[in-house]
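Contents: one structure, followed by commentary.
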Amino acid sequence: MNNIEIAASFDQLADLLEIDGANAFRVRAYRNAARTIEGIAESLAGVQIAQLTEIPGIGDDLAKKIVELMTTGQLTMLEELKAKVPAGVVQMLLLPGIGPKKVAQLHKELGITSLAQLKQAAELGGVASLKGFGKKTEQTILEGIASLDQQGVRFYLADVVPLVQQIAADLSKVPGVSQISPAGSVRRLKETIGDLDLLATSEDANLVMDALAAHPLVESVIARGPTKQRVRLKSLSNPMTPGAQGHKPEMDLRVVPEKSFGAALQYFTGSKEHNVVTRRLAKEKGLMLNEYGLNKGEEYYLGRTEEEIYAELGLVFVPPELRENREEFGWKTSADVPKLITEGEILGDLHMHTTESDGTASLEDMIAAARARGLKYIAITDHSKRVFMANGLNEERLLKQWEEIRRIREKYDDIKILCGVECDILENATMDLSDEVLAQADWIIGVIHFGLKQAPDLITKRLLTAIENPYVDCIGHMTGRLIGKRPGAQFDVETVFAAAKEHGVMLEINAHPARLDLSDVHAAKARAMGIPIVINTDSHSTYGFEMLQWGIAQARRAGLSAENVANAWEFEKFEKSLRRNQKK
DNA sequence: GCCGTTTTCGGCCCGACTGTTTTCAGTCG
């Protein structure tokens, strides 16, 4: 059982306990532990109880439960609760506006054990008669069930950022609006986004809310109070997020007075886990932090900017991307804060395709686009032969392509062009191209496209084969975490990363929004181990370089700075750092 | 269930909005 599965078990346990009426803080302990375990890159398999309790939020009890899960693959307490609370009851938690208390009530008083039964009861009007329920709640339930297949969509960051930016730009022109900013997970640059947050300061909240309600991207208003409005946007016209076609993102707009902008921005940016700590720290200092400011007693004290709040709490300013209650509260001075990589620092792109395999632009066009983008070096990395559907190159075609690259690159003195290949690591743990050919390249990315479902020890073995091959410079497509139920290959991260470190092999963050291959947690681990990362666009067209921003977002969330990112280095330094050149 | 230069017990972040209510519980973020 891996860490993600442990976290899922604890989340499941928390759901069940909640419906069972357990102490809310006990439930929170399980949820906190789940978040913590998710964020740990090292496998907890085989870790002793004494070490587990060193993890914040894990005490004796949870440590024992982790060991039980690791050794037996299940948890007695979880099985007992599952027997007590039917799965259909837990599903009711997915209904908006229906929480554990109401679910428990429906289960106990009406004996409902499935969504189907609930639908039937609501249609017959049996739900409205319960105490605390009414006609409106019944309607909410029916609407919730009707749209349940629309629930749970998390959009790629790349799908929603343009929407938020457009709406923010338009609302900034509304009279009385002085400041406006995206908040929430969009501002933290999370790879997937549940719903959107927008914060504004204005003399007249009603004007801003009216403008949002009338915005062309907005379909309907879900709720509206004096300071807060929730709207449903129109569905995305052409989403990259799989399964998002027809789904409608929701957006919260919050309007606060100007003196509260920093406090509100801090609060609505989150994460929730980060905020719980900032509020606790405020309390320890005899202050109270809410979205209106840092208060002394009942009195507003400050809150115009985030900076003054962090300073007053005795904290260094934490970049939004790193507000996850991981390490940020341990930073003492600004020197402890990673100087996060920016798009402008990227000098090279080491993964792109041409019409020779499945790209849509020629070699010359890709070079022109890279130069226009200001890149100082690039690698042409078409597919190897095994990827036949992408017209992958065999040895003969590849050598011919490199010959052409060597001829063409003489023309340019403002950009270095490397002869590369995205070489598949086959199911039988051999490379798709012969060593003789690989030896002639300037840059090789080893990737797995086939047999992703092999057992973890086999995937590990394949990755090690590539890492131990003297000509492979980088491993790409590594810990793919595609949205939905399509996990990437499973392998022993500890072993593979250690081997990459030992052999001087780099790891790739693929900037394509649909396959941010190195998760932020794993990229952070690579950083801690001193393994260089490259952030590549995997461009298949001359427009592909625009995707770099999403790779940068991922890298920032992993706390990477230019020194961790090999393609942010000057070409000479980058070239010298390749292990194929270190031996010379 | 976790945690401790206030503590091994008694805390655990805080507020908006809704619907069902006559003062608030539940849900959500």
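Order of the sequence lines sets the chain letters (A, B, ...), proteins ahead of strands, with each chain counted from 1.
In this structure, A/Ile19 atom CD1 and B/dT27 atom C1' are separated by 14 Å, rounded to whole Å. Separating the CZ atom of A/Arg254 from the C1' atom of B/dG15 is a distance of 7 Å, rounded to the nearest angstrom. If you take CG of A/Asp197 and P of B/dA16, they are 16 Å apart, rounded to a whole angstrom. For the pair A/Lys101 NZ and B/dC28 P, the interatomic distance rounds to 12 Å; values are reported in whole Å. Between A/Lys131 atom NZ and B/dT23 atom P the separation is 11 Å, expressed in whole Å. In this structure, the CG atom of A/Asn290 is 10 Å from the C1' atom of B/dC13, given to the nearest Å. Between A/Ile222 atom CD1 and B/dC17 atom C1' the separation is 13 Å, expressed in whole Å. Atom-to-atom, CZ of A/Phe25 to C1' of B/dC2 comes out at 12 Å; the value is rounded to the nearest Å.
Place A/Arg28 and A/Pro56 on DNA chain B by their nearest nucleotides, and A/Pro56 ends up nearer the 5' end. Between A/Lys272 and A/Val27, the one whose closest nucleotide on DNA chain B sits nearer the 5' end is A/Val27.
With respect to A/His107, the side chain to side chain contact (heavy atoms under 4.5 Å, CB included) criterion is satisfied by exactly one of A/Val89, A/Ile19, A/Leu118: A/Val89.
With B/dG26, B/dC17, B/dC2 as the choices, the nucleotide that has an atom nearest any side-chain atom of A/Lys102 turns out to be B/dG26. Checking B/dC14, B/dA16, B/dT18 against the side-chain heavy atoms of A/Ala223 singles out B/dT18 as nearest. Here the nucleotide nearest the side chain of A/Lys136, chosen from B/dT27, B/dT20, B/dG1, is B/dT20. In this structure, of B/dT20, B/dG29, B/dG1, it is B/dT20 that holds the atom nearest to the side chain of A/Thr137.
Between A/Tyr310 and A/His274, the ring planes are tilted. Angles from 30° to 60° get that label.
Within residues 275-284 of chain A, the residues that place at least one heavy atom under 4.0 Å from DNA chain B are, in residue-number order, A/Val276, A/Arg279, A/Lys283. For residues 65-87 of chain A, proximity to DNA chain B is found at A/Lys65, defined as any non-hydrogen atom under 4.0 angstrom from a strand atom.
Cation-pi geometry between A/Arg280 and A/Phe329 is not met: the NZ or CZ atom fails to fall both under 6.0 Å from the ring centre and inside 45° of the normal. Cation-pi geometry between A/Lys259 and A/Tyr300 is satisfied (NZ or CZ under 6.0 Å from the ring centre, within 45° of the ring normal). A cation-pi geometry, defined here as NZ or CZ lying under 6.0 Å from the six-membered ring centre and within 45° of its normal, does not hold between A/Arg187 and A/Phe268.
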Legend entry - Working for side chain to side chain donor-acceptor pair (under 3.5 Å), residues A/Asn295 and A/Glu299: CA-CA 5 Å; A/Asn295 306 285; A/Glu299 289 292 302; over 6 Å; no
Inset, instruction - Decide yes or no on side chain to side chain donor-acceptor pair (under 3.5 Å) for A/Gln266 and A/Asn275, but give the supporting numbers first. - result: CA-CA 8 Å; A/Gln266 197 280 327; A/Asn275 285 351; 3.2 Å; yes
Legend entry - salt bridge (Lys or Arg N to Asp or Glu O under 4.0 Å) evaluation trace for A/Glu324 with A/Arg557: CA-CA 10 Å; A/Glu324 295 292 341; A/Arg557 285 185 48 78; 3.4 Å; yes
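Using atom C1' as the reference point in both B/dC3 and B/dT7, the two lie 9 Å apart (nearest Å). Spacing of P atoms, B/dT20 relative to B/dC14, comes out at 30 Å, to the nearest Å. Look at the C1' atom in both B/dT8 and B/dG1: the space between them is 14 Å, to the nearest Å. The separation of B/dC13 from B/dG29, taken at their C1' atoms, amounts to 12 Å, rounded to a whole angstrom. Of the P atoms belonging to B/dC17 and B/dC12, the separation is 25 Å, rounded to the nearest Å. The separation of B/dT23 from B/dG19, taken at their C1' atoms, amounts to 14 Å, rounded to a whole angstrom. Nucleotides B/dT21 and B/dG15 place their P atoms 27 Å apart, quoted to the nearest Å.
Closest approach of A/Leu78 and A/Gln12 over heavy atoms only: CD2-OE1, 3.9 Å.
Pairing for B/dT8 is absent, with no Watson-Crick or G-U wobble pair whose two atom distances lie under 3.5 Å.
Scanning for side-chain hydrogen bond (donor to acceptor under 3.5 Å, both in side chains) contacts around A/Arg254 gives A/Thr227, A/Glu291, A/Tyr292, with sequence neighbours left out.
Using a 90° window around 0 for the glycosidic torsion, B/dT7 falls inside it and is classed as syn.
One cannot find a donor-acceptor pair under 3.5 Å joining the base of B/dG15 and the side-chain atoms of A/Tyr267.
Contact check for A/Pro249 versus A/Asp195: no side-chain heavy atoms found under the 4.5 Å cut-off.
As judged by a 4.0 angstrom heavy-atom cut-off over every strand, A/Asn32 is placed among residues making no nucleic acid contact.
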